[in-house]
Amino acid sequence: MDKTLHAILAIVIMAAVTFLLRMLPFVIFGKKQTPAFIGYLGKYLPYAIMGMLVIYCLKGVAPLVFPHGLPELIAILTVVLLHIWRRNTLLSILGGTVVYMLLVQLVF
Amino acid sequence: MKLKTYKRAFIHTLPVMAGYIVLGLGFGILLRVAGFGALWALCMSVFIYAGSMQYVGVSLLSGGASLLTVAVTTVMVQARHLFYGISLIDRYRGTGIKKLYLMHALTDETYSLVTGTHLPDFADEKTYYFAVSLLNHLYWITGCLLGSLAGAVLPFSSEGVDFAMTALFVTIFVEQWLTEKEHRPALVGVGCTLLCLLVFGSENFLIPAMALILLALALLRAPIEKKEEKSRG
């Protein structure tokens with residue numbers, strides 16, 4: 001197959017499958033009254049997913065080799081403490097990111 | 001009040017801007033190295049609009065993977081999106097034709113902002129959802145294009161700035177922890193994912209983790225709803 005044609009088709013497939021996965025729950029459960037179990041999941045899933053995404057972001061960390069995930073650990077602690085202290089989303093994110101950048105660029 | 005809602009959405013999406021521009025830059029550079037220029041970067045960021053999938057897509061394109069492989073890989077990498085719609089069915093109800101776009105633009109980051117932020121009284125929530133989706137998409141497109149066009153010549157070291165994404169998820173996690181008394185779902189999310197990461201390794205843990213989370217939440221439904229009733233009196 002021609003390289004350009006292959007690339008176009010591949011992109012169309014990636015886009016279509018991705019859209020389908022994003023749309024499916026709305027199509028399956030969206031029409032009528034949401035089933036009780038789905039309503040329950042809808043309410044509590046976000047808490048679980050946020051935990052999942054945090055771990056997902058950290059999947060590349062190798063705790064057994066230097067720097068043992070220390071930059072991530074310190075930066076995450078910074079975010080948590082900042083957020084408990086001020087409850088200001090932007091401050092927490094900015095503070096944690098700056099700490100992380102300083103750690104990976106200057107310290108470790 | 002639309003403008004005010006957009007302003008609020010802009011402020012909320014600033015961390016996503018930082019993360020998307022950096023991740024987009026990386027993608028644009030990779031794609032160019034693989035032999036596909038700015039027009040390809042533009043099309044992929046507009047129509048696929050998914051960080052990890054586009055990174056995987058670069059190797060699918062340059063390696064000439066079979067179209068069946070492309071389809072199966074996309075399902076594997078993107079399966080977590082099946083989760084997201086479930087909690088947004090009611091939030092996105094009645095958005096009309098815009099719903100098509102809201103569904104298309106449903107990334108990890110958009111999902112977490114839409115489900116995780118408290119709106120001030122003046123804000124119209126449907127406008128807010130649309131604004132967050134659109135702004136995030138624009139950041140992503142900008143990043144991908146910049147990477148493709150100017151990627152090699154960055155004036156300063158941005159190493160580590162992509163931590164903004166992790167920080168965003170951690171912040172929302174903490175915020176949810178402080179506002180919601182029921183902590184078991186949050187613990188289930190962290191615990192199941194961590195367990196699967198250890199068991200299956202960093203390449204294959206996400207789908208088992210999602211299955212385990214669903215199972216755990218299903219098992220916890222009775223006790224959680226019982227507690228819910230009690231606290232309502």
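Proteins come first, then strands; the chains are lettered A, B, ... in the order of their sequence lines, and each starts at number 1.
- Taking the six-membered ring where tryptophan is involved, the planes of Phe205(B) and Tyr56(A) are tilted, since the angle between them lies from 30° to 60°.
- Aromatic ring pairs are classed by plane angle as parallel below 30°, tilted from 30° to 60° and perpendicular above 60°; the pair Phe26(A) and Tyr92(B) is parallel.
- Checked against Ile55(A) for a side-chain contact (heavy atoms from CB on, under 4.5 Å), the options Leu197(B), Leu195(B), Leu206(B) give a single hit: Leu197(B).
- For Ala209(B), no part sits under 4.5 Å from any heavy atom of chain A, backbone or side chain.
- Ile11(B) touches chain A through backbone and side chain together, each having a heavy atom under 4.5 Å away.
- Heavy-atom pairs under 4.5 Å with chain A were tallied for Leu100(B), Ile172(B), Leu178(B); the largest tally goes to Leu178(B).
- Of the atoms belonging to Thr115(B), it is side-chain heavy atoms, and not backbone ones, that fall under 4.5 Å from chain A.
- Residues Tyr40(A) and Leu220(B) form a side-chain contact, since some pair of their non-hydrogen atoms from C-beta on lies under 4.5 Å apart.
- At a 4.5 Å heavy-atom cutoff, the contact between Ala79(B) and chain A is made by backbone atoms alone.
- Heavy atoms closer than 4.5 Å to chain A are found nowhere in Arg91(B), neither backbone nor side chain.
- The greatest number of non-hydrogen atom pairs below 4.5 Å with chain A, out of Arg93(B), Gln54(B), Met210(B), is found for Arg93(B).
- Heavy-atom pairs under 4.5 Å with chain B were tallied for Thr18(A), Leu21(A), Val80(A); the largest tally goes to Leu21(A).
- In terms of non-hydrogen atom pairs under 4.5 Å with chain A, the most contact-rich of Val46(B), Leu168(B), Val188(B), Leu60(B) is Leu168(B).
- Ranking Pro71(A), Ala75(A), Ala16(A) against chain B, the residue ahead of the rest is Ala75(A), based on heavy-atom pairs under 4.5 Å.
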**Study point:** Verdict with supporting geometry, Val75(B) and Leu20(A), side-chain contact (heavy atoms from CB on, under 4.5 Å)
**Key:** CA-CA 10 Å; Val75(B) 172; Leu20(A) 220 65; over 6 Å; no

Review point. Please walk me through it: do Glu175(B) and Ile84(A) pass side-chain contact (heavy atoms from CB on, under 4.5 Å)?
Key: CA-CA 8 Å; Glu175(B) 179 63 35; Ile84(A) 292 174; over 6 Å; no

Review point. Going through the distances and angles, do Tyr84(B) and Leu45(A) end up as a side-chain contact (heavy atoms from CB on, under 4.5 Å)?
Key: CA-CA 9 Å; Tyr84(B) 295 162; Leu45(A) 213 45; over 6 Å; no

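- With a threshold of 4.5 angstrom between heavy atoms, Arg80(B) approaches chain A through side-chain atoms but not through N, CA, C or O.
- By the 4.5 Å heavy-atom criterion applied to side chains, Gln78(B) and Val17(A) are not counted as neighbours.
- Heavy atoms closer than 4.5 Å to chain A are found in the side chain of Ile213(B), but not in its backbone.
- Using a 4.5 Å cut-off between heavy atoms, Val79(A) touches chain B through its side chain atoms alone.
- Heavy atoms of Ile8(A) lying under 4.5 Å from chain B belong to its backbone as well as its side chain.
- Highest contact tally toward chain B, considering only Ser92(A), Gly96(A), Ala7(A), is held by Ala7(A) [criterion: heavy-atom pairs under 4.5 Å].
- Each of Cys196(B), Gly116(B), Cys192(B), Ser202(B) has some count of heavy-atom pairs under 4.5 Å with chain A, and the biggest count is that of Ser202(B).
- Taking 4.5 Å as the limit, every side-chain heavy atom of Val190(B) sits out of range of all side-chain heavy atoms of Val54(A).
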Got a list of side-chain donor-acceptor pairs under 3.5 Å for residues 14-21 of chain B, not counting sequence neighbours?
| residue | atom | partner | partner atom | Å |
| --- | --- | --- | --- | --- |
| Tyr20(B) | OH | Thr107(B) | OG1 | 2.9 |
| Tyr20(B) | OH | Glu109(B) | OE1 | 2.6 |

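- Heavy-atom pairs under 4.5 Å with chain A were tallied for Asp108(B), Ile89(B), Val174(B); the largest tally goes to Ile89(B).
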Exercise for review: Determine, stepwise, if the pair Glu182(B) / Tyr44(A) fulfils side chain to side chain donor-acceptor pair (under 3.5 Å).
Suggested key: CA-CA 9 Å; Glu182(B) 176 60 68; Tyr44(A) 289 106; 5.5 Å; no

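- If you measure heavy-atom distances from Ile49(A) to chain B, the contacts under 4.5 Å come from the side chain alone.
- For the pair Trp40(B)/Ile11(A), a side-chain contact is recorded, criterion being any heavy-atom separation below 4.5 Å from C-beta on.
- The parts of Thr4(A) that come within reach of chain B are both its backbone and its side chain, each placing non-hydrogen atoms under 4.5 angstrom from that chain.
- Between Phe173(B) and Tyr47(A), the closest side-chain pair of non-hydrogen atoms is not below 4.5 Å.
- Within the 4.5 angstrom heavy-atom criterion, no atom of Ala62(A) approaches chain B.
- Of all heavy-atom pairs spanning Ile86(B) and Ile38(A), the tightest one is CG2-CG2, 3.8 Å.
- Proximity to chain B (any heavy atom under 4.5 Å) is shown, for Phe29(A), by both the backbone and the side chain.
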Review point. Yes or no on side-chain contact (heavy atoms from CB on, under 4.5 Å) for Leu217(B) and Leu41(A), after CA distance, side-chain angles and deciding distance?
Key: CA-CA 8 Å; Leu217(B) 284 183; Leu41(A) 278 186; 4.0 Å; yes

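- Of all the listed residues (Met53(B), Glu180(B), His12(B)), the one sharing the greatest number of non-hydrogen pairs under 4.5 Å with chain A is Glu180(B).
- Note that CZ of Arg221(B) is 6.5 Å distant from CZ of Phe37(A), once rounded to the nearest 0.5 Å.
- For chain A, the nearby part of Glu225(B) is the side chain; its heavy atoms alone come within less than 4.5 Å.
- The shortest distance between side-chain heavy atoms of Ile76(A) and Phe163(B) falls below 4.5 Å.
- Counting non-hydrogen atoms of neighbouring residues, nucleotides and ligands closer than 6.0 angstrom, the NZ atom of Lys7(B) reaches no more than 12 such neighbours.
- Arg22(A) places no side-chain N or O within 3.5 Å of a backbone atom of His81(B) that could act as its donor or acceptor partner.
- By number of non-hydrogen pairs under 4.5 angstrom with chain B, the leading residue of Glu72(A), Met23(A), Met14(A), Lys43(A) is Met14(A).
- Within the 4.5 angstrom heavy-atom criterion, atoms from both the backbone and the side chain of Leu9(A) approach chain B.
- In terms of modelled atom types and a separation under 3.5 Å, the side chain of His6(A) and the main chain of Ala65(B) share a donor-acceptor contact.
- Heavy atoms closer than 4.5 Å to chain A are found in both the backbone and the side chain of Leu88(B).
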